[in-house]
Amino acid sequence: MEKLEKSTPVPLKKKESHNPDTPLPRSAAGPSKTAALARFREGALAAAFIAPALLLFGLFLFYPLIQSVYLSLHSTNPRGQVANFVGLANFRNLFNSPGFPNSLLVTLKFILFTVPASLAFALVFAAVCRAKIRGMKIFRFVFALPIAVSVSTGSIMWMVLFHPTLGTLNYFLGKIGLTPVQWLTDPNMALLSISLMTVWMNVGFLFILLLGGMQGVPEEIYESAKIDGSGPVRTFWRLTLPLVSPTLFFASVTSVIGAFQAFGQINILTKGGPVNSTNVLVFKLYEDAFVNFRFGVGSAQALVLFAIVLLITVLQFVFAERKVHYQ
């Protein structure tokens, strides 16, 4: 009889039990539906929070911009209603008119008179008020006070100061033996007078901005400079100014944009006169659009002003930002 070979028994693989607390592995085909649903809910929540801001931007920024583009391509009747499509005729008439180059030149002069002076005064005041001296809070209050005054209120205050016979400025000029100045009626002095009032109004905001930037510099840096024998003037030029350059750059950009948009003080004090010596771009735009009801020409000026401000802002970021020292 043949011997039957004994076969070696093969052990059966023990079935692994699943722990209910252990999560099942995800499929390699893609993210699970739960993760996709969570991302969708997160995106919907973010959109819900952003929606009010987008609505306000669309209502007060994007819609007027689109409407300005539409009106700039049309002519309007004396009632301000759209009459005909004229294409780029409003832009051609704008650049060919003698009033636009004059307004652009006046605006550039106004920026030159106001922006550097405002930044210089605010920088000096902030450097002085940074010192921890008794009673310095009073000076901080005085220097920051113009920020609480509206444009209309400040314009009326300076109108009294500029009065040719009853004004305080001419009163003091008479006390020292000088002849009175026609601050708002002399074409050579009107823009300087408006600029003087604008500098006073801008100093408050810029002072607070630059003082905050200076107070953000660590005190240890000033102590190290003092130990090295650095004086106050040298410390300001070599240490404080570079460290607050980001704040100073932001202040310069916003000041230039604000100078291009100046309107209230000019409308109250001079109304663009005398002899168009204070007729800046925004006031000319206002006259063409809302006084003469030439909404097409006014919209064309608004778009040109937007392009000029955008160009100057880009140039500031390209050239001036190189000298900004970020910590």
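Bear in mind the structure is a predicted one, so any value in this text is a computation, not a measurement.
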Check the hydrophobic clustering (I, L, V, M, F, W, Y; side-chain heavy atoms under 4.5 Å; chains of links allowed) and say if W183 and Y171 are grouped together.
-> no
Neighbour count >12 (heavy atoms, 6.0 Å) for atom CZ, F113 = yes
Polar side-chain atom of S299 near backbone of L71 as donor-acceptor pair, under 3.5 Å | no
Shortest non-hydrogen pair, P274 vs A190, comes out as CD-CB, 3.5 Å
Atom pair CD/CG of Q301 and L104 - distance to nearest 0.5 Å | 11.0 Å
Does N84 reach the main-chain N or O of V86 with its side chain, forming a donor-acceptor pair under 3.5 Å?
-> no
Kindly check if the number of other-residue, nucleotide or ligand heavy atoms within 6.0 Å of CD1 (I138) is above 12?
-> no
Work out which heavy atom in A259 is nearest to a heavy atom in V115; give both atom names and the distance.
-> CB-CG2, 4.1 Å
Of the options F143, F205, F141, which is the one that meets F125 in a ring pair (Phe, Tyr, Trp, His ring centres under 6.0 Å)?
-> F143
Those residues at least two apart in sequence (or on a different chain) that pass ring-ring contact (aromatic ring centres under 6.0 Å, His included) with Y70 are H74
Can you measure from OG (S224) to CD (E219) and round to the nearest 0.5 angstrom?
-> 10.0 Å
Establish, from distance only, whether the side-chain atoms of T198 and T114 form a donor-acceptor pair under 3.5 Å.
-> no
M189, L178: one ILVMFWY side-chain cluster at the under-4.5 Å cut-off?
-> yes
Is the closest side-chain heavy-atom distance between L45 and R41 below 4.5 Å?
-> no
Can you find a heavy atom in the side chain of W200 that is under 4.5 Å from one in the side chain of M157?
-> yes
Roughly how far, to the nearest 0.5 Å, is the OG1 atom of T240 from the CG atom of L123?
-> 9.0 Å
Quick one: pull up OG in S255 and CG in L206 and give me the separation to the nearest 0.5 Å.
-> 4.0 Å
Please tell me if the side chains of F260 and V282 come closer than 4.5 Å, counting only heavy atoms from C-beta onward.
-> no
Identify the two heavy atoms, one from G298 and one from A289, that lie closest to each other, and give their separation to 0.1 Å.
-> CA-CB, 4.2 Å
So, the side chain of K271 versus the backbone of N267: is there a donor-acceptor pair under 3.5 Å, distance only?
-> yes
Under the criterion side-chain contact (heavy atoms from CB on, under 4.5 Å), which of I194, N276, N279 is the partner of T270?
-> I194
F317 ring center near F249 ring center (under 6.0 Å) = yes
May I ask you to decide if F293's main-chain N or O and T76's side chain share a donor-acceptor pair within less than 3.5 Å?
-> yes
Kindly work out whether a path of hydrophobic side-chain contacts (I/L/V/M/F/W/Y, heavy atoms less than 4.5 Å apart) joins V151 to V149.
-> yes
State yes or no: do F62 and F306 share one hydrophobic cluster built from I, L, V, M, F, W and Y residues joined by side-chain heavy-atom distances below 4.5 Å, directly or via other members?
-> no
V304 versus F95: any side-chain heavy-atom pair under 4.5 Å?
-> yes
Given side chains that start at C-beta, do those of F91 and L303 come closer than 4.5 Å, heavy atoms only?
-> yes
Can you measure from CG (L196) to CD (Q265) and round to the nearest 0.5 angstrom?
-> 12.0 Å
What are the two closest non-hydrogen atoms of S252 and Q316, and how far apart are they?
-> O-NE2, 3.8 Å
Can you name the nearest heavy-atom pair linking P64 to L59, along with the distance?
-> CD-O, 3.5 Å
Are F139 and V128 side-chain neighbours, meaning at least one heavy-atom pair lies under 4.5 Å?
-> no
Can you find a heavy atom in the side chain of I257 that is under 4.5 Å from one in the side chain of V253?
-> yes
For the residue pair P242 and P246, what are the closest heavy atoms and their distance?
-> O-CD, 4.2 Å
F263 and its ring pair (Phe, Tyr, Trp, His ring centres under 6.0 Å) partner, picked from F110, Y286, F290 | Y286
Got a sec, which pairs hit ring-ring contact (aromatic ring centres under 6.0 Å, His included) with one end in residues 220-248, sequence neighbours left out?
-> none
Following the transitive rule for hydrophobic clusters with a side-chain heavy-atom cut-off under 4.5 Å over Ile, Leu, Val, Met, Phe, Trp and Tyr, establish whether L241 and F319 coincide in one cluster.
-> no
S103 side-chain N/O to G99 backbone N/O, donor-acceptor pair under 3.5 Å = yes
Which value, rounded to the nearest 0.5 Å, describes the distance between T278 atom OG1 and F283 atom CZ?
-> 7.5 Å
Please tell me if the side chains of T165 and N170 come closer than 4.5 Å, counting only heavy atoms from C-beta onward.
-> no
